[in-house]
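Heavy-atom basis, side chains included; hydrogens, waters and symmetry copies ignored.
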Amino acid sequence: RGADSQHTLIWRLLNLEDEMLASGDSIGLVYIWDIVACVVLQRFAQHQGDVTALCSNGELLMSGGIDAKIAHYTRLRGSREERW
């Protein structure tokens with residue numbers, strides 16, 4: 001990459017239950033990671049700018065950003081696969 005290239009910055013990390021991690025970045029994306037396999041499980045594009053806050057109670061994940069939006073993601077527990 002050139003010297004003037006844009007880089008994505010991770011602004012927030014949040015430890016979730018069941019060996020998962022949530023991250024929020026500078027381009028408005030929220031990711032759910034499997035921290036054992038080191039892979040992205042899900043990706044959400046709900047913000048128009050930096051994600052500056054993440055919080056969770058185990059069943060609900062919320063993200064806030066500089067775009068003045070708050071997004072929420074509900075955990076769906078299934079027999080085959082868990083999703084947010």
Side-chain angles (χ1 to χ4, degrees):
R1 294 184 157 195
D4 61 348
S5 294
Q6 294 282 333
H7 295 283
T8 303
L9 303 172
I10 304 299
W11 291 123
R12 292 291 176 253
L13 294 173
L14 180 66
N15 187 33
L16 302 171
E17 297 175 350
D18 302 327
E19 300 175 329
M20 289 186 290
L21 179 81
S23 66
D25 67 26
S26 60
I27 58 173
L29 299 176
V30 173
Y31 289 94
I32 307 295
W33 298 84
D34 179 321
I35 60 174
V36 174
C38 299
V39 296
V40 173
L41 299 174
Q42 289 182 267
R43 175 183 166 264
F44 302 102
Q46 299 297 319
H47 295 281
Q48 300 301 313
D50 300 22
V51 176
T52 57
L54 291 172
C55 66
S56 176
N57 67 1
E59 297 301 318
L60 180 69
L61 171 66
M62 298 183 80
S63 62
I66 62 168
D67 58 359
K69 289 169 62 177
I70 297 174
H72 64 88
Y73 319 90
T74 304
R75 191 174 191 171
L76 304 174
R77 297 180 189 260
S79 59
R80 284 188 52 214
E81 187 174 311
E82 199 167 290
R83 305 285 295 171
W84 287 86

Donor-acceptor contacts, no H, no angles, side chain residues 29-36, under 3.5 Å, sequence neighbours left out:
{"from": "Trp33", "atom 1": "NE1", "to": "Ser23", "atom 2": "OG", "distance (Å)": "2.9"}
{"from": "Asp34", "atom 1": "OD1", "to": "Val36", "atom 2": "N", "distance (Å)": "2.8"}
{"from": "Asp34", "atom 1": "OD1", "to": "Ala37", "atom 2": "N", "distance (Å)": "2.9"}

Show the atom names and distances, to 0.1 Å, of all donor-acceptor pairs under 3.5 Å that link a side chain in residues 53-68 to residues at least two apart or in another chain.
{"from": "Ser56", "atom 1": "OG", "to": "Gly58", "atom 2": "N", "distance (Å)": "3.0"}
{"from": "Ser56", "atom 1": "OG", "to": "Leu60", "atom 2": "O", "distance (Å)": "3.1"}
{"from": "Asn57", "atom 1": "OD1", "to": "Glu59", "atom 2": "N", "distance (Å)": "2.9"}
{"from": "Asn57", "atom 1": "OD1", "to": "Leu60", "atom 2": "N", "distance (Å)": "2.9"}
{"from": "Glu59", "atom 1": "OE2", "to": "Arg77", "atom 2": "NE", "distance (Å)": "3.2"}
{"from": "Glu59", "atom 1": "OE2", "to": "Arg77", "atom 2": "NH2", "distance (Å)": "2.7"}
{"from": "Ser63", "atom 1": "OG", "to": "His47", "atom 2": "NE2", "distance (Å)": "2.8"}
{"from": "Ser63", "atom 1": "OG", "to": "Tyr73", "atom 2": "OH", "distance (Å)": "2.8"}
{"from": "Asp67", "atom 1": "OD1", "to": "His47", "atom 2": "ND1", "distance (Å)": "3.2"}
{"from": "Asp67", "atom 1": "OD1", "to": "Lys69", "atom 2": "N", "distance (Å)": "3.1"}
{"from": "Asp67", "atom 1": "OD2", "to": "His47", "atom 2": "ND1", "distance (Å)": "3.4"}
{"from": "Asp67", "atom 1": "OD2", "to": "Gln48", "atom 2": "N", "distance (Å)": "2.7"}

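The two residues Trp11 and Val51 have their closest heavy-atom pair at CB-O, 3.3 Å. Residues Trp84 and Gln42 come closest through the heavy atom pair N-OE1, 2.7 Å.
To the nearest 0.5 Å, atom CG of residue Asp50 and atom CD1 of residue Ile10 are 11.0 Å apart. Within the model, atoms CG of Leu21 and CG of Leu14 stand 7.5 Å from one another, a figure rounded to the nearest 0.5 Å.
One hydrophobic cluster, built from ILVMFWY side chains closer than 4.5 Å, holds both Phe44 and Val39.
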